[in-house]
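Scope of the values below: all heavy atoms of this structure, side chains included, with no hydrogens, waters or symmetry mates. Proteins get letters first, then strands, A, B, ... in listed order; numbering begins at 1 in each.
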Amino acid sequence: MVQMPVYIGKRLLVAIPTLLIISIFVFSLQKLLPGDPIMAMAGEERDPAVLEQLREKYHLNDPIPLQYVRWLGGVAQGDLGVSLRTNQPVLELIGQKLPVTIQLAIMSMFFAVIIGVPMGILAAVKKNTILDYIANLVALSGLSVPNFWLGIMLILLISVNLGWLPASGFESIFVDPVRSIQTMLMPSFVLGTGLAATLMRHTRSAMLGVLSSDYIRTARAKGLSPREVILSHSFRNALLPVVTLSALLFGELLAGAVLTEQIFTVPGFGKLIVDAVFNRDYAVVQGVVMCTAVGFIVMNLAADILYVLLNPRLRATL
Amino acid sequence: MSAVSQTAVPAKRESSRAWRKLKANRSSVAGFIIIIFFVALAALAPVLPIPDPVATSWSAIRKAPSAAHWLGTDDLGRDILSRMIWGAQASLMAGVFSVAIAVAIGVPFGILAGYFGGWVDLIISRITEALLAMPFLIMAIALAAFLGPSLTNAMIAIGLSAMPIFVRLTRGQVLAVKQEDFVEGARSVGLGHLDIMLRYILPNVTAPIIVQATLTVATAIIAEASLSFLGLGQQPPAASWGSMLNVAKNFLTQAPWMAMWPGIAIFLVVIGFNLLGDGLRDALDPREN
Amino acid sequence: MTAEPILSVRNLTTAFRVDGEWKPVVRNVSFDIRPGETLAIVGESGSGKSVTSLSIMRLLAKDASRIEGQVLLNGRDLLSLSEKEMRAVRGNEVSMIFQEPMTSLNPIFTIGRQISEVLTRHKGMSATDARAETIRMLEKVRIPNAASRFDEYPHQFSGGMRQRVMIAMALASRPKLLIADEPTTALDVTIQGQILDLIKTLQEEEGMSVLFITHDMGVVAEIADRTVVMFRGDAVESGATEQIFHRGQHPYTRALLSAVPRLGSMEGQAVPLRFPIVDTVTGITTEPQPSRTMLERDAPILKVENLVTRFPVRSGLFSRQTGSIHAVENVSFDLKQGETLALVGESGCGKSTTGRSVMRLIEPTSGDIQLDGQNVRELGSSQLQRMRKSIQMIFQDPFSSLNPRMSVGQAIAEPFLKHGMGNAVQAKQKTADLLERVGLSASMMSRYPHEFSGGQRQRIAIARALSLDPKVIVADESVSALDVSIKAQVCNLLLDLQEQLDLAFLFISHDMAVVERVSHRVAVMYLGEIVEIGPRAAVFENPQHPYTRKLMSAVPVPDPSRRGIRRGLMEDELKSPVRPMGYQPPRREYREVSAGHIVQVA
Amino acid sequence: MNQILRLTTALAFGVLTALPAAAVELKIGLQDDADVLDPAQSRSFVGRIVYTAMCDKLVDVSPDLKIIPQLATDWAWSEGGKVLTMKLREGVKFHDDTPLDAAAVVTTIERNLTMAESRRKSELASVEKVEAAGPLEVKFTLKQPDATLLAQLSDRAGMIVSPKAAKELGANFGSKPVCAGPFKFVERVQQDRIVLEKFKDYWNKDNVFIDKVTYTPIPDSTVRLANLQSGDLDFIERLAPTDAAAVKGDSKLTYADVVNIGNMSIYVNVGNGARANNPMGKDKRLRQAFSLAMDREALMQIVFEGTAVAGNQPFPPSSAWFNKAVPVPQRDVAKAKALIKEAGFDRVPVEIQIPNNPVVQQTMQIIQSMVAEAGFDVTLKSTEFATLLDEQTRGNYQLSRSDWSGRVDPDGNIHQFVTCKGGLNDTKYCNAEVDKLLNEARASTDEKVRKQKYDAAAVILNDEQPMIYLGHQSWIWAMKKNVTGFTPSPDGMIRLIGLKKGS
């Protein structure tokens with residue numbers, strides 16, 4: 001346990017080159033993507049003088065490496081630049097969108113966990129029975145339905161035909177919690193089902209692995225009931241890989257959020273970044289991708305730490 | 001009394017055993033049948049007695065399914081059944097080729113990283129990690145935007161985005177296989193790195209890669225649909241299921257069948273690949289031998 | 001011994017479903033265990049002995065197995081009980097311990113919890129009472145500082161200690177019957193001795209019956225009152241242990257016994273001696289042939305001086321090296337052509353690392369290795385590949401030592417072709433020749449490894465090693481994983497090949513009895529160092545170093561008349577070879593006992 | 001995290017202090033998110049919709065596209081169209097309670113002319129200087145006569161902002177815009193909403209019946225409509241034509257549309273770089289043939305359900321500026337074929353660059369199949385919009401499909417596209433005669449003179465066809481039945497004056 005800070009420190013050190021590589025990737029997009037951001041933002045109104053002046057203002061005429069160094073310097077001081085499109089500081093934009101996406105993520109995870117984990121356990125315990133097949137089929141369906149399609153269908157059914165839930169929009173949870181959850185129900189359900197499928201399958205295979213292990217045989221040889229064997233001896237062990245997976249799911253979640261937020265007009269990260277890519281709002285793209293990457297790395301780290309905390313062997317040998 | 005007589009020699013090969021297991025798994029057979037069905041449709045598209053998928057008809061715009069047009073017509077009066085069949089080509093190709101790209105790049109790098117370790121591993125792993133930290137679809141969108149919207153470019157984008165998964169998987173497998181005595185044995189008889197990688201490591205890491213590839217085909221088909229949905233995939237007048245959905249979403253209330261069929265087709269094919277992938281996983285899993 | 005049996009197994013038949021067909025793996029097995037008695041079921045892999053024990057406990061997967069017959073525990077048929085009633089039997093009336101102490105305990109629960117669970121479950125004890133009782137049990141199985149170790153996790157225990165925990169757990173509910181399924185197979189020989197002693201002691205104290213499952217005749221002789229011999233699913237012979245050992249009727253029993261290496265059976269024998277081989281069907285015995293006397297040579301083919309191999313241990317934020325594993329420490333020996341030098345010692349003593357260091361599969365830290373006149377440590381990578389022609393290796397696990405994706409013929413021919421020793425035709429000829437030489441048929445060339453049994457695979461591995469006409473072969477635990485009858489055959493093969501090809505073997509093994517049979521000279525390793533080295537007879541008949549003596553006395557002797565004798569082994573374990581940075585290994589002094597027999601004294 | 005905290009407190013505070021209980025709130029669904037909320041810097045169409053509620057202009061435009069008073073009550077041209085004098089409305093206040101006077105107008109116009117970030121410079125390029133001729137009188141002196149100036153002043157260039165706020169916030173004015181419109185800025189959450197509330201001191205407050213307006217961007221028109229149907233929105237703009245029937249048939253909704261002042265066209269690269277060297281770019285007969293091969297009426301019916309009208313000029317046939325002597329051509333495949341043959345072709349290979357949006361793709365696929373009958377082998381090259389613009393400007397295209405949202409003054413819809421040095425002349429078409437006609441039309445304030453010039457230009461352009469016009473879309477709005485008093489305007493704005501929302 002004494003070693004935990006060292007472990008975290010080590011992981012963070014390793015994250016630095018990863019983040020640098022990501023920053024180079026995103027920055028080179030600026031060079032790679034065709035289309036002039038200034039033109040894109042000008043739209044119909046293209047006054048060459050104004051365009052030139054804007055290019056100067058945002059240093060877009062400088063060589064990319066110089067721009068990169070300048071940007072990196074800013075990032076080091078917590079300045080991610082300003083959106084070309086709205087002049088808003090990127091950090092502020094992120095501050096606006098992050099809570100939305102976090103709420104979406106948490107609610108989706110909630111759906112994923114309450115659906116995926118029990119189903120996974122059931123499928124593993126009832127391996128090769130009809131229950132297993134049904135659980136598998138449900139999970140596969142979750143994986144196989146395109147998110148955006150399910151989203152559109154739900155809007156049509158639940159909002160338009162039945163009028164049960166708002167079709168889109170967003171309300172901060174701090175302002176109107178009820179409406180906030182209402183508006184997020186469908187998007188998080190859509191996102192959650194896909195994740196639930198993945199979660200279910202991993203829970204199942206982790207459970208199967210544990211159930212066939214020697215120590216479960218020992219537990220059964222001790223005369224423990226199936227309930228004790230499954231919930232106490234097996235599930236906690238099976239939880240370990242599932243926890244790690246959840247961090248990876250976070251990345252999947254963000255990717256899924258891109259389209260889901262588009263469909264449900266949830267003003268989160270996904271929507272922000274798609275719009276930014278299409279508008280060539282590079283400062284936003286760079287800022288958001290970096291932020292996402294940091295989030296992903298932090299989630300991974302958190303999952304690994306949790307893994308260690310749940311696993312006595314690693315806890316000691318860290 | 002020779003050593004030979006000690007045990008009855010199993011006559012069948014490992015591969016045929018895997019094949020038998022696969023055949024015994026009903027759901028993977030179902031998956032296989034679904035895939036074969038769509039592959040056959042796609043392959044037979046040019047010879048099937050179906051209307052030209054790009055032939056427009058002003059008199060038959062957005063007609064509901066009927067005897068003349070079994071699955072109805074689209075916003076330009078084109079026969080949806082025909083477009084579905086031709087679209088199957090695009091969607092299946094998108095799935096298979098993008099995974100082929102991912103495998104072709106990811107596996108060699110994974111082998112290099114796993115086999116050599118050290119600096120090679122460090123660099124490859126860091127880059128892989130960086131790629132993984134960027135959400136799949138966001139990368140694909142950026143790449144597709146970079147390359148320009150087209151089916152080929154969408155496939156490249158999806159392939160490149162899926163590549164890190166294969167690097168990571170292969171690397172992990174190589175690390176495991178490297179522990180096997182036969183690899184050390186190969187070194188001890190004086191084989192070079194290339195020989196060991198190609199003849200000792202690669203053949204022994206293929207099973208999980210095949211499984212992952214099958215499952216990734218499913219993901220890639222959805223990814224192509226997603227990119228097409230954003231207008232970055234198959235371009236008109238050619239059809240892919242995703243681009244059909246992209247158009248259909250504007251006519252959801254007027255012509256729901258336009259969205260229904262491609263949605264169902266994507267669902268079926270994806271579930272087919274998933275079922276097959278699961279079946280392969282079970283069949284190739286050495287633990288269950 | 002006339003009391004009613006505790007357990008009475010009648011016509012037990014267990015079948016597994018394989019690809020939709022029911023395939024019996026245990027057929028019509030019957031035996032009784034009386035109170036206080038130990039019954040051993042002995043057999044080689046695949047004989048159905050473990051399945052028998054799992055069938056008794058009904059621990060096999062329900063949908064994939066079918067059990068028929070009767071299992072009477074105190075007259076009650078366990079096979080007819082409901083699952084719920086059966087749970088009250090498991091861990092309560094009948095307990096079980098398993099082969100793998102490393103994986104048989106749940107890694108995320110403390111050992112205290114895992115033991116007291118039995119007590120709260122079966123005896124209705126309160127948590128406090130269960131804790132007290134658990135600590136008593138831990139003391140009973142001789143775990144030092146039992147109370148303080150209650151809250152520790154399995155990984156904090158060594159293999160031997162874990163097996164004690166398992167035993168404590170099994171005995172916590174004071175069962176009438178203990179089923180021990182190969183409980184010592186995964187343990188080092190000194191630890192095995194301790195555990196066997198412990199089981200014997202506990203059995204006397206508690207008066208329970210034991211069903212002991214093992215493949216090791218030495219262990220059988222030590223522990224069992226009566227013995228059942230199983231062969232391919234059938235109980236071929238049963239009776240009092242003495243009777244089985246001395247008057248075994250079934251050819252298989254005799255084959256098994258003849259193949260068992262016995263420590264001390266080589267007294268007065270100067271050179272290695274082949275195992276006698278009994279045909280498992282006919283019972284015809286082939287008399288053992290001694291190896292021919294070694295030719296006198298002056299120059300050793302392999303000379304190792306002051307070999308040191310260490311692995312860095314890193315920790316901290318920047319992974320700085322904070323210590324080293326001193327795997328091989330100042331090891332020197334030489335090996336002449338036609339000679340077998342055995343490196344013996346327990347797991348972790350550095351014997352395998354020594355073998356790999358000599359071949360430079362692992363880079364040694366320092367020292368000098370002369371192979372056939374070449375300085376191995378100075379070779380460049382291409383020279384190294386060429387050097388490997390003259391020294392080859394055979395590995396322990398026959399299932400992992402061959403590339404499963406390459407046919408046997410390809411595998412054997414590959415080194416020959418790679419080193420440009422001939423063309424494809426010659427390679428094929430050579431492969432056929434080698435296969436015949438190792439007792440296989442040339443027609444098997446196109447088959448793949450999984451089509452062969454373990455013993456056959458090991459023969460293939462040997463053929464492959466021979467394809468380069470090496471002078472030295474490092475055999476790393478090459479017979480350890482084999483069943484006893486196969487082991488004997490492979491040992492004989494190695495001796496044949498040595499004679500024919502004048503090979504030098506560096507024979508790495510933990511099996512003292514096998515070593516005694518096959519080696520000319522023996523080096524005993526402990527914590528990375530050679531503590532005693534000398535001619536086989538000198539070391540075995542006049543062991544000097546305390547560790548050598550301990551090792552010798554721990555080896556189970558397949559002689560039932562010696563049953564009941566306790567070794568009185570000290571209950572300590574192998575120490576760790578991890579040293580801090582800047583650690584200076586002490587200077588060692590050696591003493592020559594007799595010609596070539598050298599012992600470490602300090 | 002501080003940011004978030006501040007933001008949430010601000011939000012919470014905003015809601016608590018919001019409006020009395022019976023406040024009438026109007027929720028409007030927009031197609032995009034607005035960009036910077038500074039009239040000097042803004043460039044998006046939806047931004048203008050928001051300004052309509054927030055920022056009054058010197059003059060406004062009536063539904064029949066006449067200039068009408070707003071902040072200026074009266075104006076007059078003098079000295080041959082080189083001086084414009086405007087009288088300002090009395091008693092007008094900005095949202096920050098500072099009074100609107102001539103000085104404020106001068107400050108705003110100068111800000112538009114000089115601020116580095118200003119996008120209004122070209123719109124006001126003809127202005128030499130602007131000065132206060134009295135407390136409520138402003139005088140614009142021009143470099144040369146410019147008839148388009150009034151139309152420019154009816155848009156963002158004429159939106160007068162609070163000089164105090166402009167000075168305090170500078171280029172960041174958009175973070176908290178202060179104007180003199182009927183609604184004042186409350187808050188904005190990017191891509192989520194812009195909230196305005198009624199300005200109680202608005203000069204025309206008696207005609208404002210809405211207390212609070214929320215604009216929500218929802219790009220997907222289906223979802224936008226779904227939100228209206230589910231009651232989450234009161235009003236949406238740019239309904240998809242395909243949904244028109246559904247809205248008309250919905251008893252809970254009201255439908256409104258009007259043909260807009262913009263146009264849809266295909267640019268032909270006639271002189272922009274190397275790729276102008278293509279058959280269509282080189283031979284006007286092929287361009288004419290292409291135009292004739294299309295059935296514009298059918299196109300408008302199929303794609304736009306009849307809500308759009310066919311066209312062949314920058315202005316819709318309903319416009320006063322449309323030259324009736326050059327009517328929208330009927331489809332004539334035979335003539336098209338003849339022209340192609342005359343040009344020495346049998347089949348004409350054409351590559352058309354199009355933005356990857358479904359409606360345009362649908363349009364172009366129809367055109368593709370229509371012109372194929374005449375002999376054009378069209379390849380459609382879909383491109384992302386950002387890339388398309390870039391390629392179009394750099395001349396990396398043969399034909400390119402582009403839309404123009406339209407300007408109130410005819411000049412804005414034609415001059416910059418086809419004059420040799422026109423800022424949006426991506427075809428690099430250059431004809432001295434056209435230049436002369438269009439410059440003269442711009443300089444005159446006499447509508448008759450202007451009409452004559454535009455008609456003359458239309459004849460030439462219809463012959464040369466550097467841009468092949470397809471038609472004119474309609475603005476389509478849908479609202480709840482209880483929303484009344486909305487007047488559709490061809491400029492696509494949503495004017496809230498007079499708009500009511502019942503219970």
Original post:
Side chain, backbone, both or neither: which part of C:Ile394 has a heavy atom under 4.5 Å from chain B?
Top reply: neither
Original post:
With a 4.5 angstrom heavy-atom cut-off, which part of C:Arg360 approaches chain B: side chain, backbone, both or neither?
Top reply: backbone
Original post:
Can you tell which of C:Glu414, C:Lys389, C:Arg386 has the highest number of heavy-atom pairs within less than 4.5 Å of chain B?
Top reply: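 Among the listed options, the one with the most contacts to chain B is C:Glu414.
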Subject >> Beyond-backbone contact of C:Met406 with B:Tyr200, side-chain heavy atoms, under 4.5 angstrom >> reply: yes
Least distance between heavy atoms, [X] atom then [Y] atom:
X	Y	value
C:Pro404	B:Phe182	CD-CE2, 3.6 Å
B:Ala186	C:Arg464	N-NH1, 4.3 Å
C:Pro415	B:Val189	CB-CB, 3.8 Å
B:Gly192	C:Gln385	CA-NE2, 3.8 Å

When rounded to the nearest 0.5 angstrom, what is the spacing between [atom1] in [X] and [atom2] in [Y]?
X	Y	atom1	atom2	result
B:Ser188	C:Leu468	OG	CG	9.0 Å
B:Arg187	C:Arg356	CZ	CZ	9.5 Å
C:Leu402	B:Asp181	CG	CG	10.0 Å
B:Glu180	C:Asp397	CD	CG	8.0 Å
C:Ser401	B:Glu184	OG	CD	11.5 Å

Subject >> C:Arg388: partners by salt bridge (charged side-chain N to carboxylate O under 4.0 Å, His left out), with sequence neighbours left out >> reply: none
Taking atom [atom1] of [X] as the centre, report whether more than 12 heavy atoms of other residues, nucleotides or ligands fall under 6.0 Å from it.
X	atom1	answer
C:Glu363	CD	yes
C:Phe231	CZ	yes
B:Phe32	CZ	no
B:Phe109	CZ	no

Original post:
Is C:His419 reaching over with its side chain to a backbone N or O of B:Leu191, donor-acceptor style, under 3.5 angstrom?
Top reply: no
